[in-house]
Every structure is written in C-alpha cells, then in structure tokens.
Amino acid sequence: MIQFMGKTFSWLLALAIFIGSCSEKEDTPVGNLELTIKGRFGQSPLVMGKEYDFFDGSKIYFTRSEFFLSRIKLRTPSGKIVSLSSNVRFVNLQDHHFNVENAEKGFTLIFDKIEAGNYDRFSFGIGVPPELNTKTPKDFPTTNPLSDGIHYWSGWNSYIFSKTEGSISNGAQHELFAYHSGFNDAYEEQYFDQNIVIEEGKTTKLVMEFDHKALFGDLSNYIDIYKDPVIHEGKDFMSVFMAYFRSALRIQ
Amino acid sequence: MWSWKNLTFILFWLIVGCNGENPPGGDDLSQISYEPRAYPLVVPRNLPPLPDVPDNPMTYDGVQLGRHLFYDPILSSDSSQSCASCHKPEFAFTDGLAFSRGVTGQFGNRSSMSLLNIAYLTKGYFWDGRSATLETQALEPVENPIELHEMWPNVIDKFRKHPSYPTMFRKAFGISSKSEITKELAAKAIAQFERILLTGGNSLYVRQLNKEIFFDGDQQEGMDMYFNTDLSLPDAQCGHCHAAPTFASSDYFNNGLDKAVTLDDFKDKGRGAVTGIPLDMGRFKAPGLFNWHLTAPYMHDGRFKTIEEVMDHYVNHVQSAPNLDPNVAKLVLTTRQKNKVIAFLKTLIDTSYLKNPDIFSPF
C-alpha cells in the first residue's frame, strides 16, 4: 500500500513538474530594456561641481542630484500594461556625473525579462508611490534602497523623493540650496508616447535626459533660489518644484 | 616578563585544547564534525532586518571564531594588539582616543570608528569607505603598519599551528584541511562577529516610538528640531546625515570642519582620496549616534572632546568649502535649544548591548 502511494505520488510530482515547465510564462519570449538617465544643464552635460549660467546670469553648480523612480511600465498598442519592476529604483547622478565623459555615459538601469513585442508608451512615477510611502526604513532589508534612513524624513512621515543640492552666486549673493521633495502630494507620474520594441534575447536602449536648468522653470518663470534656497517644509512650493521636475525629463 | 594577560591566554587555550576535538597531527580536518547552524541573531526593535550575505551566512561557529579572532592578539606582529585594542565594547567599540596607537607605537590619522550597527552600512567601510564590504574591511588592519603591522601569511601560519583554530575553522566553514585556512575565511569570521554588534532597540527613543514612555518637554523639542517636525522651532538639520532608524548614513558629507577655497585644499581628502571625484574631497561618513556618549572624541580626527563642542561647531564654526553640505550651512540655535537637541540625543543611549555575552572577549 505504501509502495503504491509512493508510486502515485511520484507520478503526480512528475506530472506537476511537466505541466509547470510548459507554463505560458516560460514560453513567452523576453528581452531587456536598458534605461540610461543623463543629467543635463540645458544642452550641456551636467557635471557635478561645474558652474553653469542660471536664468538670471548667476553661476550655479550642483553637488547632489538623486531621486526615486517607481511604477515603471510599458504599454502595448492594445493597452496592455507591463510592469518592469515591482520595486522602486534609486537614481544617483552625483556618483556618476563627475566629469563630462561620465556624464555622457549617464546612469543606467536594467530591466530584464520583459515580454517581447511592440510598446507605445513608457511611464513611471517620480518618487515613492503612496502604497510604499506608508512604510518606513525598518520595513525593508538593507539590500533595498528604501531601508536607508537617509532617504526618509521622519518629520514628514515620508520618503524623500528627490534631493537636488548645490550652490548659486551672483557676486553680491551666495546661497547653498537644498531642494528635497516628499509627501504623497508631490508624487508625480510621467509618460512618453514612443515606439519601443523589445526583441527576444536582446537589449533595447532608451535614453532619458534630466535637464537641471528646466528643473527650476524657464526664462519667463523660474524659481528664485536666493529667496527660497530650501524647500524642506513648503508643500505648495514642493508641488511647483515637482511639476518642473516632471517636465525636466525628456526621452532622447 | 609574563603578564597576567599572556598567562590567561595560555590557560584559555590549554583548556580549549583539551576539549576532545583536537585535529589530528597532520593536515586533515575532515574527521571533525561540521554541523553549521544559523546564528540566533536578535535584531533590535525599530531596526531593519539584516540582509542575507549569501557568500558569508552567519553561523554560530562562524561568529564564535570571529569573536576569538577579534580579541586575539595573534593577529599582530608582536602579539600585543588585537582588533579589540581599538574597538572596545565599553567604548561602543571605539577606543576613546582621537587617534589609535598601533603595535609600533605609531599613531594613526583617523579616529577609531564605532562598530555598533556596522552591519547596516551599505556604501563602504572606514571613514572614507575604502573597503566595499565588511569582509574586505576586516583584512586591512592586519597589514597596516600603523595598526597590527603583521603579514597575513604569518597570521595564517600561526592559525595552522594553533591548538584550536584549525578545529574552529573546520566548524565554521567546513574546510577539510589546515591548508584551506585563508585570510579570506578569517575575515569572513570577523565580519560575522561584527554583524552581531547591534544596538538601539532599548533606547528611550525607540521606547517612545513604541509608546512605552513619553518624552519630557526638552527631549520632545530636541527631537522636533532634530527632525524639523515643529516648524515653529529652528531646524537643527541633524537628521539629514544621521538618519533614523540607525541615526547613521552610508553616505559621505563635508560637514564644514575645515575651510577650503578649492577642493584641492583639504588636508585629509577623505572620500575623495578613494574615489578621485573632486566633490568627494573632505567628505566623510556620518557615524551612527546610538551610544554617542561612549564614542568621544568626535569626528574623523577626534577634534571635539564633548558633544557640546560638536553642537557649537555646527552652530558657530562651520567652515566654507565648495562642497559644504547645504544642510549644515546655516544652523541658528540658542544655547537652550542646543541643550534640548542634546537632551534628545541622550535618548539614543542604549547600553543593553553590553548584556550580550557573545560580544565580549572569550579569553
């Protein structure tokens, strides 16, 4: 009897393994997407510590530029949404954009095992989405960037979605600025309608530019950094800044 | 002249050497049992779970081996110093000095860092992050001429001839022969031991978070300024670099210790000497603040003897530099407010780690 049960179990196990190996998911051809984010200041590559001309003629340079991307997705022409990552991705430009050569290389994120096919929209969120923003660093293992307390601001009960820091001067005035964003209200979603083809076994490359001049507005309407060098507290100001942030991103 | 310390070591190893599991006289260790079991690590409350380290999982025997190596002066050239000479439990695993003295009597140029909660660091070890992992960090002090001033081949030779270490390496890593003892395995064991040095879960801060206690007015206002939660109070800006829940950071900052007109002007280039990135010059890691009261003197060069001097620096003496962190540029706190921030910092004291017998010398 025991022998019979053992044989039956073995057959069932083998059948389960066979069925499992024929699942649709494993048969689906997949490819990869390589997203490279390049910091820019207007048309120039962004080099940390290098001075650029601000809208008002002031000299501005950056010492830190980092942010989270989340809800990164592709959309097929039929409207099917494919999520590229279940987690957030942390983008740190300051450790990569320290000279022109490296700024031109940019910061690269790899997304693998994407269903091969044609897509017509690339979308993502800037910051930590509300469902994760209810958590705190102690909820994540240290392999996850959300475990690092430096990305969390207890005073807000929120992750810090982005940090943009640097210095601006015009001879008469000099300010260090620190623009940090957070709160669910500041979470911005962005999308680009673009044909993207993922081919089986291949890596499709996508380049996104992040213009640090447009981050502060445009010539007709820009943030007065001398007046507001810090946006740790002001939610309204933060929303304005994040709207600029959203429009400072462009697909090459 | 034999000291009591030397005699204790000899007595300890005589006793341990008689435990009935001595390796055979030859190279072979395969007859000794190897039954790895996970180390029963207790993560302090409010701290994140520790990551798995796939190539160095923490085992009971691995931690015990690391503990022995950490406290054993066999790692130094003249058997006078161990890792614990500069990382003493009673000083939160620092040594209470601005600069540590190595076996040759030479002083180093950086202050000994606390090892508490070091398992949470993710972006390099040492003040300048020059070691990528805890395992590679553990390799360096042995051959540093101003620290243990020994050569790893000599240390390995001492391990292989030792009455107990071959057995302990076998039990920790399952090696089959003494010839398989390597510096990498020794470093792995030390790293396993260092990962159990955790603190913070019994601090007043965590107890307050768990609503077991309530802060008094000074502690509450101090915390509000630390995290900038009460906009009617000045922002003490501490939390940007010493961030909860570990009150540390894996990142590097210029906190205004030294004036620099250009980025080449820093005498100690800190992180910049490692990366070569200009903006990293003069940047250092922000250490954890749990049990800060045991880690004086403060900063990478131990220039401040008291926490009051530290606060005074941030409020009155921050020096300009092209990469000065903007968050420390404009602190405006009265003496009373500084004292309230210090009152909050005192809630980060948690010496309950000293009750863990596994962190002390086995000798």
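Just so it is clear, the values below take in all heavy atoms, side chains as well, and ignore hydrogens, waters and symmetry mates. So that the names make sense, note that chain A is the first sequence line, chain B the second, and so on, each numbered from 1.
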Query raised in the report: At a heavy-atom separation under 4.5 Å, does T246(B) approach chain A through its side chain, its backbone, both, or neither?
Result: neither

Query raised in the report: Side chains of I150(A) and C241(B): does their closest heavy-atom pair fall under 4.5 Å?
Result: no

Query raised in the report: Residues in side chain to side chain contact (heavy atoms under 4.5 Å, CB included) with P44(B), at least two apart?
Result: L47(B), L198(B)

**Report entry** Min side-chain heavy-atom separation K123(B)-N92(A) under 4.5 Å
**Finding:** yes

Query - Where G155(A) and T229(B) come nearest, the two heavy atoms and their spacing - result: CA-CG2, 2.9 Å

Requested in this report: Identify the residues of residues 135-143 of chain A whose heavy atoms come closer than 4.5 Å to a heavy atom of chain B, ordered by number, or report 'none'.
Outcome: P137(A), K138(A), F140(A), P141(A), T142(A), T143(A)

Report task. May I ask you to name which of G149(A), P229(A), G166(A) has the most heavy-atom pairs under 4.5 Å with chain B? Result -> G149(A)

Query raised in the report: Just wondering, more than 12 heavy atoms not from D52(B) lying within 6.0 Å of its CG?
Result: no

Query raised in the report: Are side-chain heavy atoms of N327(B) and H180(A) found at a separation under 4.5 Å?
Result: yes

Report task. Could you tell me how the ring of H240(B) sits relative to the ring of W153(A): parallel (under 30°), tilted (30 to 60°) or perpendicular (over 60°)? Result -> parallel

Query - CG-OG distance between D224(B) and S154(A), expressed to the nearest 0.5 angstrom - result: 11.5 Å

Query raised in the report: With chain A, which of Y226(B), F253(B), F247(B) has the greatest number of heavy-atom pairs at distances under 4.5 Å?
Result: F253(B)

Query raised in the report: In chain order, what residues pass the salt bridge (Lys or Arg N to Asp or Glu O under 4.0 Å) check against R271(B), with sequence neighbours excluded?
Result: none

Query raised in the report: So, do Y61(A) and P322(B) sit near enough that their side-chain heavy atoms are less than 4.5 Å apart?
Result: yes

Query raised in the report: Can you tell which of P245(B), P278(B), A329(B) has the highest number of heavy-atom pairs within less than 4.5 Å of chain A?
Result: P245(B)

Query raised in the report: Does E131(A) CD have over 12 foreign heavy atoms under 6.0 Å away?
Result: yes

**Report entry** Close approach to chain B in residues 93-102 of chain A, criterion heavy atom under 4.5 Å
**Finding:** D95(A), F98(A)

Report summary line: Pair count under 4.5 Å, heavy atoms only, with chain A: among T122(B), D251(B), N323(B), highest is D251(B)

Report summary line: To the nearest 0.5 Å, atom OG1 of T63(A) lies from atom CG of L324(B) at 9.0 Å

Query - R64(A) vs L279(B) side-chain heavy atoms within contact, under 4.5 Å - result: no

